[in-house]
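Right, one structure below, let's go through it.
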Amino acid sequence: MSGLSISKLHATHGHTAVLRDLELTVANGALACVLGPSGCGKSTLLRVIAGFHHPVSGTVTVGDRVINDDRTHIPAERRRIGYVPQDGALFPHLTVAANIGFGLPRAERRERVAEMLDLVGLNGLGDRHPHQLSGGQQQRVALARALAPRPELLLLDEPFAALDAALRTELRTEVAATLRRAGATAILVTHDVDEALAFADVIAVMRDGQIVQADAPHTLYHQPADVGVARTLGETNLLPAELADDHAITAFGNLPLTADVPTGDGVVLLRPHQLRLAAASGPHTVEAQVVACAFRGHDYRIELATDTRHDLPERLITYADTAPPEAGTVHLQAHGPAHPIPDAEPAAPAHARLTAQTATA
Amino acid sequence: MSTLRPLVRPSLPPVLRWRAGRALPLVAGLVALVVACPLVFIGLQAGRSGWDSAGRLLERPLVGTLLWHTVSLTAAVTAAALVLGFTAAYLVERTDLPGRRAWTVALAMPLAVPEFVHGYCWVSLIPSVQGYWGAVLVMTSSLYPLVFLPVAATLRHSDAAAEEVARSLGHGRLATLWRVTLPQTRPALAGGALLVSLYLLGEYGAFAMLRFTTFATAIYTEYETAFDTESASILTLVLVALALLVVSLDARAARRGRVVREGTTARPCAPQPLGRWKAPAVAGLAGVVGTTLGVPVYALVYWTMRGNSSTLPSTSILSATAATLGYALGAAAIATAAAVPVALYAWRRATRLARAVERAVYLTRALPGIAVALAVVFFAIRYAQPVYQQPPLLVAGYAMLFFPLALTAVRASLAHVPHGVEDAARSLGVRPLAVLARVTLPLILPGLGAAFAMVALTASTELTATLLLRPTGTETLATQFWIYTTDLAWGAAAPYAAVMTALSIPAVVLLTRRTLGTPRPSKGMR
């Protein structure tokens, strides 16, 4: 049984199309994340699911209840879908307990509120008002309030965006744990990759009003559907390669592929940590110059320029545990499987553009 | 979790739900329609007179004189108010002037003295204050706080960073003031200038007192003395056109000077040391306060004492106060209740329709009081004869006239309602009407109170519409005051003026506090 399923969803703001033919399925009990840049329509998607925005067409189903199709629009208050907006939107005139109990029948309020305060670790703060709480505490109250009426689905709209970095990391781990404990199906919307990777079982990458790819974080990171998804998830090295069934022939020698592909020219993806500095020159190493190096605490981020003769992009990026020799020549090695990117123009490599031109000429 | 028992309430039958969802735009539209209808009635009335007589009237030299009087006075007073208002605001908000809080109150207080009372105070003390220059003096004294307050608010809340950057780029104090500070306050200056001009266009009492004819006094004379409703309505139409012209000029100025600042909260500026200019600055402000506040207070005290020595305080002041408050409170209740749906509609939906509804309502703010009053009179004479010169008509007139005040106050309080609380409440399974009762209305309760108080207090000192709409047989504070001053009974009029001024003080305090704001406790997030 599916927690949430959306098909052929179209939505507009005035005359501007915001969601176009959107498809999304989230399994029951899963924590899903919709990841995309600002303005891609992810907040609108959430508001459609919550019932605040009327879509033009499409079907939205929660469990086996159709909450939106061409004939039905169940109002927000009857959807049993919880909603945590970006700034929490606590009711400023009510205490924490009254906030959490807002959606509960009077008779069950006391017991359930105590239970929820316990769940989010705010015991003893029930009599406070929202302005007496810290930002993180406010978000916990907002979460408790949304979970209190036992919604079938919980929606979180960038709930950690307004918090500072350390608190954000702490709170999102905690919220994910709370949601798993409560057995909730939840959808989190964010533009923060780290947040998506840390929080979700499933990440749906959204672009221009469509879901481009929805997969487990690991799959999405290593096997993106296209260049855009690859870049959304992190830094990329896109190398021209000769593809032959299960391996690719590149400047770094033969690399195994993540999936079988038809033979021919193509582009493969190597993530920065798949490139490593080698001790010495070897048969499958590539010589490169260090252009820039930044120490990031847990590692070094190194930008390298290779010589044009290898057909490589202008810049390669690698993460290394140790500092490279200053402004010197290094030798690069590639590790692990490369992922073929089907739609494939190589990423702004001077040499590749040149070959493309000669090909057309 | 869907296996657990859901804790939600039973819901309404579908028919009722549908209505609740659609009712708001309907009610809001209806209110806007009612509030905007004076314009229509003036048009209708003027149309009845036909083009010929309209043409004849408009070609009379009178109209040229009126236009010249009105426009030249508006230009002079607005300019004077801008200079005075900006200078005072800069001194109070940005320099190390001693006693800045007290100055702020003293500089805003002239608003508590109604314009026609200002006129009375000067004329009764110095009979030679009259005509154009008298009008410039009196109207500038009574209206410059309308510039002072918004400019002071902008200066108080604007970020120091822009000025500091200007200084770091090598601009001196004066250059920074001219090229950075002044442009930052341009929207406030434009808004203040708009208010001043609109007040001037609509003012009747003060000009009648100062024997200076403008459109408003001419309209009143045509209607009350000559019983010429057609000329009155044609002149009103010209006046309304002038007002709309002013509004459109202001809209252009405000668009050009939009100040964009987002994100972080403003850091206040360090006050500029005045140095050797301190004494002249204090003397200048003392002169301003003495002229604009000292003279009226002196006149009111003087005439009240004199009046009391000759005649006994009459009981009629009590009955006039009671009648005034009765009408004013009724109007305040209606205006506030009507403002809620319009404000809610515009706040919830940023659709073009919602904005249009709200803008239409604000446009009525430009309608001079005399125009609204005449429209109500025409309407009553033609369609509602039984209520003509009855209390309901006066209450309705007040409610229409001061509706924008109520709307502004309700909108201001809605702006502080955190975004998304209504959505959050609905997602918890609460019906829209219950959301209104449990979340939205409790949150804007202070705003509703402010709206109610503003309308009630402003209405209780209104003169022009009251003269035209007053029920037969009752006198309000303003009309009784007017009767005495027309007979030059300065002493007898003084207590009425004093009571009206006293009633206005809370409104001015409220307005000052709302405009300048008090530092809010930070909300933790954002």
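We use all heavy atoms of the structure for the numbers below, so side chains are in, but hydrogens, waters and symmetry mates are not.
For A:Asp127, the CG atom counts as loosely surrounded, since its 6.0 Å shell holds 12 or fewer non-hydrogen atoms of other residues, nucleotides or ligands. Counting heavy atoms of neighbouring residues, nucleotides and ligands inside a 6.0 Å radius, atom CZ of B:Arg101 does not exceed 12 of them. By the 6.0 Å contact criterion, CD on A:Glu111 is open, its count of non-hydrogen atoms from other residues, nucleotides or ligands being 12 or less. In the displayed structure, A:Arg110 atom CZ is contacted under 6.0 Å by at most 12 heavy atoms of other residues, nucleotides or ligands.
A donor-acceptor distance shorter than 3.5 angstrom exists from the side chain of A:His93 to the backbone of B:Arg438, with no hydrogens or angles considered.
If you measure heavy-atom distances from A:Ala50 to chain B, you find no contacts under 4.5 Å at all. Heavy-atom distances place no part of A:Leu155 under 4.5 Å from chain B, backbone and side chain included.
Taking CG from A:Leu94 and CG from B:Leu443, the interatomic distance works out to 7.5 Å, rounded to the nearest 0.5 Å. Atom CG of residue B:Leu428 and atom CG of residue A:Leu147 lie 10.5 Å apart, to the nearest 0.5 angstrom. Distance check, rounded to the nearest 0.5 Å: OG of B:Ser427 to CZ of A:Arg145 gives 7.0 Å.
Side-chain atoms of A:Phe52 and B:Arg426, non-hydrogen and from C-beta on, do get closer than 4.5 Å to each other.
Here the closest heavy-atom approach between residue B:Ala424 and residue A:Ala89 is recorded as CB-O, 4.3 Å.
Heavy-atom pairs under 4.5 Å with chain A were tallied for B:Val417, B:Asp423, B:Val421; the largest tally goes to B:Asp423.
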